Protein chains: 2
Amino acid sequence: MCRMARPRKPLLSRDRIVTTAGALVDAEGLEAVSTRRLAAELGVSGPSLYNHFRTKDEILEAVADAVSAKVDLSMFHEDDSRDWRTALHDWAVSYRAALTDHPNIVPVLARGPGRRPAGLRVADAVFGAMVRAGWPPAQATHIGALMRYFITGSALGSFARGFVDDETAYDPADYPHLGQAHLLAERQEQVDEGAFETGLRALLDGLAVQYAGAARR
Amino acid sequence: MCRMARPRKPLLSRDRIVTTAGALVDAEGLEAVSTRRLAAELGVSGPSLYNHFRTKDEILEAVADAVSAKVDLSMFHEDDSRDWRTALHDWAVSYRAALTDHPNIVPVLARGPGRRPAGLRVADAVFGAMVRAGWPPAQATHIGALMRYFITGSALGSFARGFVDDETAYDPADYPHLGQAHLLAERQEQVDEGAFETGLRALLDGLAVQYAGAARR
DNA sequence: ACCTGAACACCGTTCAAGT
DNA sequence: ACCTGAACACCGTTCAAGT
């Protein structure tokens, strides 16, 4: 009697697709995600996905947006007590943590906010808070953009990961100062962490200088 | 008599492949480069490329390296008179210009220096100059990395490009501060330029603060 | 040494067909 | 409404064959 009724609940949902795609990206990287592979992971055939998303790229955008949604924005709320500098700092740290938790999707995220709702919510929150703090709107726009540049750039271009763990790759005659470059691969996280912290502090110190000179009260 | 001799000079060379691939990337984007398409552009069949490069990725790496090779490094020469702050500034401007001239290859470049000779030459030059200027080696490493983060991040995540030129995409109820977001697409370059300049100045101001406190003489 | 055609194991996406 | 198999027009790469 159950079998003659209509329901037959769907095998797939946008949520299930995004979750599974995200797990696949995390586990095996962006290039492991083909529509056929993802569908197999979900126990369906490839074309089924097109009942829920228009393109594979839309799926990846949704995965990226789910990562953006994890970024803490509480410091930008109107009733939060943190000043703009502290808010920007805490936001940057939370943003970077979200990206380093899911490094394989960063190339998609780094393409810009696009139409992704959570990405836009982030842009909106930082812009609004900076204006409220007294930054001129044009500067508030710049701050949102440049912070994004730095944070996504650091998550993407992970400096140390770029060096190969093979001493023969770096002839000291060609790169007199990079003698120990291959060692960087071993302390990848430290270099990335240190560069991020140094850069973030410099950015905030420098913005404070400009704020003192340009922000209106 | 000519035809019986051996020469028959090769149709392809690494240089010709890289030049043609670079032009194709510039004109039609990364996704337009398939081995078959590139080969057709060169007047040969697809597999011919594999006589000169081991993989398609190696070709793209070479294209990216050719862009890195255009970055001015003269400010880091030992006999150049510019101080570290000016050198870093001029280098950043030249680096960004090289990337914005070839925006489509930036995703490849942003992956890190890897084994690309010109990319490594850049990393080597900035590290050496910063150490010479009195920065502790660890900080010099961080500076090279964080500047790269910011510059590639800005070339890649071009903030305004991320917004879609369609007002219906941004409901003011969802994004109270982004009412004019769709207008950004029109002034893309100004926003990117402004954010880059603001960020670069902040970064250099902030590093100057740290230099005053930490650099040894 | 360098180029070719054929082939392998894939892709993203469309579509008619089924329920 | 949602899933399927078959099909289309592609991919990157290998390899035996040619010169």
Side-chain angles (χ1 to χ4, degrees), chain A residues 1-25 27-64 104-105 107-108 111 114-115, chain B residues 1-25 27-64 104-105 107-108 111 114-115:
Chain A
M1 109 191 185
C2 238
R3 228 159 315 133
M4 51 192 313
R6 296 303 310 280
R8 280 204 40 206
K9 59 142 66 170
L11 297 172
L12 252 32
S13 69
R14 285 178 67 97
D15 255 15
R16 215 164 83 74
I17 293 170
V18 172
T19 304
T20 306
L24 187 54
V25 168
E28 305 188 32
L30 224 34
E31 66 286 353
V33 183
S34 72
T35 54
R36 286 170 171 84
R37 172 71 195 280
L38 174 56
E41 217 80 28
L42 287 157
V44 298
S45 82
S48 305
L49 299 170
Y50 291 85
N51 286 297
H52 304 268
F53 288 93
R54 263 189 325 222
T55 62
K56 173 186 159 180
D57 200 60
E58 255 185 23
I59 300 175
L60 293 176
E61 291 278 318
V63 172
N104 295 337
I105 197 67
V108 176
R111 295 198 294 228
R115 315 185 98 99
Chain B
M1 108 190 183
C2 237
R3 230 159 314 134
M4 53 192 313
R6 296 303 309 281
R8 280 204 39 205
K9 58 144 62 171
L11 297 172
L12 252 33
S13 70
R14 284 178 67 97
D15 256 14
R16 214 164 83 74
I17 293 170
V18 172
T19 304
T20 305
L24 187 54
V25 169
E28 305 188 32
L30 224 35
E31 68 285 352
V33 183
S34 73
T35 54
R36 285 171 173 85
R37 171 73 195 278
L38 174 57
E41 216 80 28
L42 287 157
V44 298
S45 82
S48 305
L49 299 170
Y50 292 85
N51 285 297
H52 303 269
F53 288 92
R54 264 190 322 224
T55 61
K56 172 187 159 180
D57 200 60
E58 255 185 24
I59 299 175
L60 292 176
E61 291 277 318
V63 171
N104 295 336
I105 196 67
V108 176
R111 295 198 294 229
R115 316 187 97 98

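This structure is a prediction, so every number in the text was calculated from the model and none was measured. Naming convention: chains lettered A, B, ... in sequence-line order (proteins, then strands); numbering from 1 in each chain.
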**Q** Taking only heavy atoms on the protein side, list every residue of residues 41-53 of chain B lying under 4.0 Å from any atom of DNA chain C, sorted numerically.
**A** B:Val44, B:Ser45, B:Pro47, B:Ser48, B:Asn51, B:His52
**Q** Minimum heavy-atom separation for A:Ala62 and A:Val18, please, with both atom names.
**A** CB-CG2, 3.6 Å
**Q** Considering only NZ, NE, NH1 and NH2 on the basic side and carboxylate oxygens on the acidic side, decide whether B:Glu61 and B:Arg111 come within less than 4.0 Å.
**A** yes
**Q** If you take all heavy atoms of A:Tyr50 and A:Lys56, which pair is closest and at what distance?
**A** OH-N, 4.4 Å
**Q** Between C:dG12 atom P and A:Arg54 atom CZ, what is the distance in whole Å?
**A** 18 Å
**Q** Given pairs defined as Watson-Crick or G-U wobble with both distances under 3.5 Å, what dot-bracket annotation applies to DNA chain D, with ( ) intrastrand, [ ] crossing, | other strand and . unpaired?
**A** ||.|||||...|||||.||
**Q** So how far is it from B:Thr35 OG1 to B:Ile17 CD1, rounded to the nearest 0.5 Å?
**A**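 It comes to 11.5 Å.
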**Q** I need the minimum non-hydrogen distance between B:Leu12 and B:Ser48, along with the two atoms involved.
**A** CD2-CB, 3.8 Å
**Q** What parts of residues 30-38 of chain A reach DNA chain C, counting only heavy atoms under 4.0 Å away?
**A** A:Val33, A:Ser34, A:Thr35, A:Arg36
**Q** Quick check: closest heavy atoms across A:Leu11 and A:Arg16, and the distance to 0.1 Å?
**A** O-NE, 3.1 Å
**Q** Quickly work out the A:Asp57 CG to C:dC11 P distance and round it to whole Å.
**A** 17 Å
**Q** In whole angstrom, what separates B:Ile17's CD1 from D:dG12's P?
**A** 14 Å
**Q** About how many Å separate CD of A:Glu41 and CG of A:Leu24, when rounded to the nearest 0.5 Å?
**A** 5.5 Å
**Q** So which atom in A:Val25 and which in A:Leu60 form the shortest heavy-atom distance, rounded to 0.1 Å?
**A** CG2-CD2, 4.3 Å
**Q** Tell me: CD1 of A:Ile59 to P of C:dC11, nearest whole Å?
**A**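 For the pair A:Ile59 CD1 and C:dC11 P, the rounded distance is 14 Å.
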**Q** Taking atom P in both C:dA9 and D:dA9, what distance in whole Å separates the two?
**A** 22 Å
**Q** Where do A:Ala21 and A:Ile59 come nearest, in terms of heavy atoms and distance?
**A**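 That closest heavy-atom pairing would be CB-CG2, 3.9 Å.
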**Q** In whole angstrom, what separates B:Leu11's CG from D:dT19's P?
**A** 15 Å
